[in-house]
Amino acid sequence: MAGKESVQIKGCIYFYHTRLTRQSYELSKEYKFPGHLLYGLPKLENYGIYSVMYPFKPIPKRLPLMLYATRKILFSSESYDAVYATSFRGIEIIIFLRALGLFHKPIAIWHHTAVSKSKNPIKECISKFFYKGIDRMFFFSEKLIQDSISSRKVPKEKLTLVHWGADLDFYDHLMSKINDEERSGFISTGKENRDVDTLLKAFSSTKEDLDVYIAALNGGINYKQKIQSFSLPQNIHINYTDGVIPLELAKIVARKACVVICCLDFPYTVGLTTLVEAFALGIPVICSKNENFEMDIDPLGVGITVPYGDVKALEKAIAYIAKNPEEAKKMGARGRKLAEEKFNLEVFSKEIAEKLLLLF
């Protein structure tokens, strides 16, 4: 635990993350990794919250992961006051132990979707008991909170809205190293539930340059197979990524005129991180209209939304951005202002810290 001398220690969390943590944390200090991908961890020390970091190990199968995580948390050589987890995947046993009264540390988690009801009465009963083992839940939007309350599994007082936003220091440092050049072309990044069919159909009918950075396979979707089924024109460039490469991607995105977030219709905030990163860079967006987002893109004037799977609407949005470069720049500027005011790492770290401090 570093930096204890500078701020009075108020408590210590066991930070459970589903990605490599220690290395990313150290890189964030050098502006080589954005702090928001560590769910506020680099800023929590400013509030006197220090951390024991879970020794991440890539274990794809659920049961071996749960057994490994349970052992590491229960038998940690370092003491802590609460568990702060970016997902409950892998710590289900710990949560059940907390519900049974056998694990005595409070647990705070990020819940990426709304809490839902199961049609299976046995699963519903088990699920209700499971959520009793969670002391605080963080959500990306008010809609996800309201939908969770309607499940009647979780009390409102346990649920907290956090305004997810990008690490502005990271992006400002990056921009200071990039030559002041005119931004051009469209770019689509991300790997989770992306709608490559709609994206490629729309851009295939235009002459606008599109760079796509995507994993070959993610979450059971074989993007490479889908993309190879297209006969792509020369204006579309496909790049397959491997692992988490935020710095390298950010350098590429920073030179583009528009970020395109074309997603499948799933009941959560898919595409949100790409969106707030575009805000941080001051780049306009074309985005699938996701009712689960906390911000409304069109009225805010930061971009254009299109209905899920609507190729014609996406074509129209592409044409508007391409033909109105000055308005597109204004959209990007509004997005940056929004990031500075509300959706940034400083704000959401403060919101998390306030709730974690109540657990100590």
**Student:** Show your reasoning for whether salt bridge (Lys or Arg N to Asp or Glu O under 4.0 Å) applies to Lys43 and Asp169.
**Tutor:** CA-CA 12 Å; Lys43 300 291 184 181; Asp169 290 342; 3.6 Å; yes
**Student:** Taking the side chain as C-beta and beyond, is there a heavy-atom pair between Leu44 and Phe15 under 4.5 Å?
**Tutor:** no
**Student:** Taking Asp81 first and then Lys105, would you say they form a salt bridge - that is, a charged N and a carboxylate O separated by under 4.0 Å?
**Tutor:** no
**Student:** Do His173 and Tyr171 make the cut of ring centroids closer than 6.0 angstrom?
**Tutor:** no
**Student:** Would a single hydrophobic cluster contain both Ile91 and Leu97, if residues Ile, Leu, Val, Met, Phe, Trp and Tyr are joined by side-chain heavy-atom contacts under 4.5 Å?
**Tutor:** yes
**Student:** Assess, by modelled atom type and distance only, whether the side chains of Lys153 and Ser127 contain a donor and an acceptor separated by less than 3.5 Å.
**Tutor:** yes
**Student:** First locate atom NE2 of His163, then atom CD1 of Ile352, and finally report the distance between them rounded to the nearest 0.5 Å.
**Tutor:** 12.0 Å
**Student:** Would Arg336 and Asp172 pass as an ion pair if we require N to O under 4.0 Å?
**Tutor:** yes
**Student:** Testing the 3.5 Å rule here: is there a donor-acceptor pair between the side chains of Thr160 and Arg136?
**Tutor:** yes
**Student:** Compare every heavy atom of Pro42 with every heavy atom of Ser28, then report the nearest pair and how far apart it is.
**Tutor:** OG-CG, 3.8 Å
**Student:** Less than 4.0 angstrom from a charged side-chain N to a carboxylate O is my criterion; do Lys330 and Glu326 meet it?
**Tutor:** no
**Student:** When you compare the side chain of Ile283 with that of Val285, does any pair of heavy atoms fall below 4.5 Å?
**Tutor:** no
**Student:** Do Leu359 and Leu161 land in one hydrophobic cluster if side-chain heavy atoms of ILVMFWY residues count as linked below 4.5 Å?
**Tutor:** yes
**Student:** Any Lys/Arg nitrogen of Arg334 or Glu327 sitting under 4.0 Å from an Asp/Glu carboxylate oxygen of the other?
**Tutor:** yes
**Student:** Write down the atom of Val154, the atom of Ser148, and the distance for their closest heavy-atom approach.
**Tutor:** CG2-O, 3.7 Å
**Student:** Run the salt-bridge test on Asp195 and Lys201 with the 4.0 Å N-O cut-off and return the result as yes or no.
**Tutor:** no
**Student:** Could you tabulate the donor-acceptor pairs under 3.5 Å formed by side-chain atoms of residues 109-116, not counting sequence neighbours?
**Tutor:**
from, atom 1, to, atom 2, distance (Å)
Trp110, NE1, Tyr84, OH, 2.8
His111, ND1, Thr113, O, 2.5
His111, NE2, Tyr131, OH, 2.8
His112, NE2, Thr86, O, 2.7

**Student:** Going by an N to O cut-off under 4.0 Å, is there a salt bridge joining Asp211 and Lys256?
**Tutor:** yes
**Student:** Spell out, yes or no, whether Leu65 and Val83 are grouped together once hydrophobic residues are joined by side-chain heavy atoms under 4.5 Å, including indirect joins.
**Tutor:** yes
**Student:** Contact between Glu208 and Phe203 at the side-chain level, heavy atoms closer than 4.5 Å - yes or no?
**Tutor:** yes
**Student:** Where is the tightest heavy-atom contact between Met175 and Ala254, given as atom of each residue plus distance?
**Tutor:** SD-CB, 3.7 Å
**Student:** Got a salt bridge between Lys355 and Glu351, using NZ or NE/NH1/NH2 to carboxylate O under 4.0 Å?
**Tutor:** no
**Student:** I want to check something: taking the side chain as every heavy atom from C-beta on, are Thr189 and Ile261 in contact at a cut-off of under 4.5 Å?
**Tutor:** no
**Student:** Examine the side chains of Asn292 and Ser141 and answer whether a donor and an acceptor come within less than 3.5 Å of each other.
**Tutor:** no
**Student:** Check this for me: does any side-chain nitrogen of one of Lys119 and Glu124 sit under 4.0 Å from a carboxylate oxygen of the other?
**Tutor:** no
**Student:** Between Lys329 and Glu182, does any side-chain N to carboxylate O distance fall below 4.0 Å?
**Tutor:** yes
**Student:** Kindly determine whether Tyr268 and Asn193 satisfy side chain to side chain donor-acceptor pair (under 3.5 Å), including the steps that lead there.
**Tutor:** CA-CA 11 Å; Tyr268 72 107; Asn193 292 319; 2.8 Å; yes
**Student:** Indicate whether any N or O donor in one side chain lies under 3.5 Å from an N or O acceptor in the other, for Ser150 and Asp147.
**Tutor:** no
**Student:** Just how far is it from atom NZ of Lys251 to atom CD1 of Ile245, taken to the nearest 0.5 Å?
**Tutor:** 11.0 Å
**Student:** Here's one to test your reading of the geometry: is the NZ or CZ of Lys350 within 45 degrees of the ring axis of Tyr47 and under 6.0 Å from its centre?
**Tutor:** no
**Student:** So which heavy atom on Tyr80 is nearest to which on Ile73, and how close?
**Tutor:** OH-O, 2.8 Å
**Student:** Do the side chains of Val259 and Leu199 join up, straight or via other hydrophobic residues, at under 4.5 Å, putting them in one cluster?
**Tutor:** no
**Student:** Ring centres under 6.0 Å, that's the criterion: do Trp164 and Tyr39 meet it?
**Tutor:** yes
**Student:** Could you report the tightest heavy-atom contact between Tyr14 and Pro55, atom names first, then the distance?
**Tutor:** OH-CD, 3.5 Å
**Student:** Can Tyr31 and Asp167 be counted as having a side-chain donor-acceptor contact under 3.5 angstrom?
**Tutor:** no
**Student:** Does the side chain of Pro246 reach to within under 4.5 Å of the side chain of Leu37, using non-hydrogen atoms?
**Tutor:** yes
**Student:** Under 3.5 Å, is there a donor on one side chain and an acceptor on the other for Thr274 and Arg194?
**Tutor:** yes
**Student:** What about the rings of Phe348 and Phe343, do their centers lie closer together than 6.0 Å?
**Tutor:** no
**Student:** Are Thr21 and Tyr54 packed together at the side-chain level, in the sense that at least one heavy-atom pair is separated by less than 4.5 angstrom?
**Tutor:** no
**Student:** Nearest 0.5 angstrom please: Thr305 OG1 to Asp298 CG, how far?
**Tutor:** 3.5 Å
